[in-house]
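Keep in mind that this is a model prediction, so the values were computed, not measured.
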Amino acid sequence: MRYVKHAALMLALMAGPVLAETHDVKMYNRSENGAMIYEPSYLRIAPGDTVRFLSTQPGHNAATIDGMIPAGAEPFKSRINEDFAVTLSAPGSYGIKCSPHYAMGMVMLIDVGEPAEADLPPDLPKRASERFRQILDARPDA
């Protein structure tokens with residue numbers, strides 16, 4: 001009996017908690033996929049995962065878009081030209097923009113958990129709205 005308890009304890013210790021993942025997003029002036037772009041422009045992550053925005057080329061940041069984050073989620077805004085990491089725990093869709101290049105369509109979408117209906121605010125700049133529609137059209141399982 002003593003060995004059974006010891007074996008059960010060892011199995012429990014080896015299993016450990018499920019570790020959250022870190023997802024890298026690069027910020028570009030221009031890449032093979034276009035100008036003023038996040039790569040990837042769409043992520044589906046688990047609650048508690050971290051997204052790390054990398055200042056791959058100068059002049060960019062990452063900020064939530066008003067009206068495009070889940071209820072209870074904290075908005076964020078990084079500094080320009082700095083790598084930035086954020087852990088997203090509230091399930092739902094997060095619209096992200098580069099503040100200086102928002103009007104040029106530098107946006108991305110992050111789904112935390114199951115993809116939710118993503119309502120685009122009516123006041124999005126034209127290019128940002130067009131880019132979000134491309135992302136939504138290509139989004140799997142939506």
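Considering all non-hydrogen atoms of both residues, V107 and I135 come closest at O-CD1, 4.0 Å. Of all non-hydrogen atoms in K77 and A63, the two that sit nearest each other are CG-CB, 3.8 Å. Of all the heavy atoms in F84 and S78, the pair that sits closest is CG-CB, 3.3 Å. The nearest pair of heavy atoms linking A73 to A90 is CB-CB, 4.0 Å. Closest of all the heavy-atom pairs between A103 and P125 is CA-CB, 3.8 Å. A pairwise comparison of heavy atoms in S89 and Y94 identifies N-OH, 4.4 Å as the closest pair.
Side chain of S129 to backbone of R127: no donor-acceptor contact under 3.5 angstrom is found. Without hydrogens or angle criteria, T64 side chain to F76 main chain gives a donor-acceptor distance under 3.5 Å. The main-chain N or O of N29 is found under 3.5 Å from a side-chain atom of Q57 such that the two form a donor-acceptor pair. Checking side-chain atoms of D49 against main-chain N and O of E21 turns up a donor-acceptor pair under 3.5 Å. With N61 contributing its side chain and S99 its backbone, the two residues share a donor-acceptor pair below 3.5 Å. No donor-acceptor pair closer than 3.5 Å links the side chain of D137 to the backbone N or O of Q134. The closest donor-acceptor contact from the side chain of R44 to the backbone of G113 lies under 3.5 Å.
Between R131 atom CZ and R133 atom CZ the span is 13.5 Å, to the nearest 0.5 Å. With values rounded to the nearest 0.5 angstrom, L136 atom CG is found 6.0 Å from L109 atom CG. Taking CD1 of I65 as the start and CD1 of I96 as the end, the distance is 7.0 Å to the nearest 0.5 Å. To the nearest 0.5 angstrom, E82 atom CD is 10.0 Å from I80 atom CD1. Put simply, OG on S93 and CE on M68 are 7.5 Å apart, with the number rounded to the nearest 0.5 Å. Here NE2 of H101 is found 7.5 Å from CE of M106. Values are rounded to the nearest 0.5 Å.
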**Prompt:** Taking it one step at a time, do I45 and L88 satisfy side-chain contact (heavy atoms from CB on, under 4.5 Å)?
**Reply:** CA-CA 9 Å; I45 67 173; L88 301 175; 4.1 Å; yes

**Request:** In sequence, state the C-alpha distance, the side-chain angles, and the governing distance for I110 and V51, and then conclude on side-chain contact (heavy atoms from CB on, under 4.5 Å).
**Result:** CA-CA 9 Å; I110 301 172; V51 178; 4.1 Å; yes

**Residue pair V25, M108: steps toward the side-chain contact (heavy atoms from CB on, under 4.5 Å) verdict** = CA-CA 10 Å; V25 175; M108 75 171 295; 3.8 Å; yes

**Message:** Assess the residue pair H60 and N81 against the criterion (side-chain contact (heavy atoms from CB on, under 4.5 Å)); give the C-alpha distance rounded to whole Å, side-chain angles, the decisive distance to 0.1 Å, and a yes or no.
**Reply:** CA-CA 6 Å; H60 307 291; N81 296 330; 6.0 Å; no

**Request:** Walk me through it: do Y38 and Y28 pass the test ring pair (Phe, Tyr, Trp, His ring centres under 6.0 Å)?
**Result:** CA-CA 6 Å; Y38 291 103; Y28 287 102; 9.9 Å; no

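Ion pairing between a basic and an acidic side chain is recognised when a charged N comes within 4.0 Å of a carboxylate O; R52 and D83 show no such pairing.
Remark: the T87 side chain and the T50 side chain contain an N/O donor-acceptor pair separated by less than 3.5 Å.
Side-chain contact check for N33 versus E39: some heavy-atom pair is nearer than 4.5 Å. P91 has its side chain out of reach of E114: every pair of non-hydrogen atoms, C-beta onward, lies at least 4.5 Å apart. Using a 4.5 Å heavy-atom threshold, the side chains of Y102 and L124 count as touching.
Surrounding CG of D66 are at most 12 heavy atoms belonging to other residues, nucleotides or ligands under 6.0 Å away.
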